Amino acid sequence: MENKHDLYFIEKELIEDLEDNKEEILENDGNNLHEYVDSNISVYTYDQIMIYANNNDLWSVIPEYGETIQQQIVSVIFEHLSGVAHVWLHEQQEELKKVAE
């Protein structure tokens, strides 16, 4: 069973969502990436805390926003997944450039 608190599986789900909506995302030049990132973060506080607790790569990230610990945890997870999404977008755009040449 996939661990819903493991970043590997969360990243995998995010990439699958991006791939499923690739045409729309590329047409919008990635302006809607944040919507896909946001939808891949659990709304449940317990899950958010467990994701943070089980992925020590997140521990050194300084949150960009959040007054409460829970908001800061969501901020850190969002920033991480946003980075994953932007790398995916860059790779897709580079591939399109190669095809166009």
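Scope of the values below: all heavy atoms of this structure, side chains included, with no hydrogens, waters or symmetry mates. Count residues from 1 along the sequence. Remember, it's a predicted structure, so these values are computed and weren't measured experimentally.
At a cut-off of 3.5 Å, with distance as the only test, a side-chain donor of Asp29 or Gln93 sits close to an acceptor on the other residue.
Atom-to-atom distance recorded for Ile15:CD1 and Lys12:NZ is 11.5 Å, nearest 0.5 angstrom. How far CZ of Phe9 is from CG of Leu14: 15.0 Å, rounded to the nearest 0.5 Å. Of the inter-residue distances, the one linking Leu96 atom CG with Glu91 atom CD reads 12.5 Å to the nearest 0.5 angstrom. For the atom pair OG (Ser39) and NE2 (His34), the distance works out to 10.5 Å, reported to the nearest 0.5 Å. Atom CG in Asp47 sits 10.5 Å away from atom CG in Asn54 (nearest 0.5 Å). Atom NZ of Lys97 sits about 13.0 Å away from atom CD of Gln92, to the nearest 0.5 Å.
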Under 3.5 Å, side-chain donor or acceptor atoms of residues 60-68 against the rest of the protein: list the pairs with distances, not counting sequence neighbours.
| unit_1 | atom_1 | unit_2 | atom_2 | d |
| --- | --- | --- | --- | --- |
| Thr68 | OG1 | Gln71 | N | 3.1 |

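A donor-acceptor distance shorter than 3.5 angstrom exists from the side chain of Asn3 to the backbone of His5, with no hydrogens or angles considered. Checking side-chain atoms of Asn28 against main-chain N and O of Glu24 turns up a donor-acceptor pair under 3.5 Å. No donor-acceptor pair under 3.5 Å is formed between the side chain of Glu11 and the backbone N or O of Leu81. The closest donor-acceptor contact from the side chain of His80 to the backbone of Val76 lies at 3.5 Å or more, if one exists at all. Within the 3.5 Å criterion, the main-chain N or O of Tyr36 finds a donor-acceptor partner in the side chain of Asn40.
Tyr8 and Leu18 fall into different hydrophobic clusters, where Ile, Leu, Val, Met, Phe, Trp and Tyr residues are linked whenever their side-chain heavy atoms come under 4.5 Å apart, directly or through other members. Clustering ILVMFWY residues whenever any of their side-chain heavy atoms sit less than 4.5 angstrom apart, transitively, puts Ile10 in a cluster other than the one holding Tyr44. With hydrophobic clusters built from ILVMFWY side chains whose heavy atoms lie under 4.5 angstrom apart, Tyr52 does not share a cluster with Met50.
Proximity of Leu7 to Val84: side-chain heavy atoms (C-beta onward) are nowhere separated by under 4.5 Å. Between Leu58 and Ile51 there is a side-chain heavy-atom pair separated by less than 4.5 Å.
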